[in-house]
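Encoded as structure tokens, the structure appears first; notes follow it.
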Amino acid sequence: MLLSHRLAPLGSFARVRHWLDRALVGCLAGAIALTLWFVGPNAAWALGGPQPALNAPAPDFTLPSNSGDGMISLQNYRGQWVVLYFYPKDFTSGCTIEAQRFQRDLPQYQARNTQILGVSADDVDSHAEFCDAEGLRFPLLADTDGAVSRAYGSWMNPMSMRHTYLIDPEGMLRDRFLKVRPVVHSAEVLERLDQLQKVG
């Protein structure tokens with residue numbers, strides 16, 4: 001009877017399904033991390049789909065946002081550099097760290113005539129809550145159907161991949177980051193911006 005009592009919870013369908021779900025998520029995360037480790041920063045294809053060409057016009061878009069008049073287009077930022085970063089989900093640990101670092105460094109981006117735009121599949125209400133919770137002062141865009149993420153080779157249904165793209169003031173895609181480490185990513189982006197702006 002004691003043995004049956006101990007085994008009963010382990011044999012429950014809900015618990016087994018919970019364990020399987022966690023194992024599958026862990027395996028998926030590991031596969032993504034391993035694949036991204038081998039994908040070079042200038043690859044024409046990455047996990048998430050074909051990459052848009054460098055030194056060519058960046059795919060244009062208009063998406064709902066929690067900022068401004070509620071809709072933001074890439075063309076709104078002609079004359080400025082744009083850091084367009086895709087991320088999986090509001091309020092998750094890696095995405096929160098990445099957003100915090102961009103916010104911390106926001107004055108440095110502004111000094112470089114650069115606008116930060118974050119994109120995920122979360123809706124506008126989620127973005128508004130995320131910005132309020134983290135004190136974010138740059139727009140987050142709601143790509144709820146993944147169309148823009150797909151255009152940038154950054155979609156793995158049902159979420160965006162953690163990729164970043166640098167777009168120059170003429171709307172040309174100048175560089176991309178496919179191996180993003182949230183803790184140091186903003187510093188890497190600032191360093192690359194300085195290099196591109198010197199050349200430009």
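Count residues from 1 along the sequence.
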Where the side chain of [X] meets the backbone of [Y], is there a donor-acceptor pair that is under 3.5 Å apart?
{"X": "Asn113", "Y": "Gly79", "result": "yes"}
{"X": "Tyr85", "Y": "Ile116", "result": "no"}
{"X": "Ser160", "Y": "Pro88", "result": "no"}
{"X": "Asp143", "Y": "Ala147", "result": "yes"}
{"X": "Glu134", "Y": "Ala99", "result": "no"}
{"X": "Arg176", "Y": "Pro52", "result": "yes"}
{"X": "Thr114", "Y": "Gln110", "result": "no"}
{"X": "Arg174", "Y": "Leu193", "result": "no"}

- Query: Can you find a side-chain donor-acceptor pair between Arg78 and Gln75 that sits under 3.5 Å?
  - Reply: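 Gln75 and Arg78 do not have a side-chain donor-acceptor pair below 3.5 Å.
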- Message: For the residue pair Thr92 / Tyr87, report whether a side-chain donor-acceptor contact shorter than 3.5 Å exists.
- Response: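 Tyr87 vs Thr92: no donor-acceptor pair found between side chains.
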- Query: So among Thr62, Leu63, Leu141, which one has a side chain to side chain contact (heavy atoms under 4.5 Å, CB included) with Ser73?
  - Reply: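 Of the listed options, the one satisfying the test is Thr62.
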- Item | Option passing side chain to side chain contact (heavy atoms under 4.5 Å, CB included) with Leu117 (candidates Tyr77, Phe138, Phe86) |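 Single side chain to side chain contact (heavy atoms under 4.5 Å, CB included) partner of Leu117 among Tyr77, Phe138, Phe86: Tyr77.
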- Query: Is the distance between the ring centroids of Phe177 and His185 less than 6.0 Å?
  - Reply: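 Yes.
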- Item | pair Asp90-Glu129: side-chain heavy atoms closer than 4.5 Å |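 No, side chains not in contact.
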- Message: Does atom CZ (Arg181) have a neighbourhood of more than 12 heavy atoms from anything else shown, all under 6.0 Å?
- Response: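 Result for CZ/Arg181: open.
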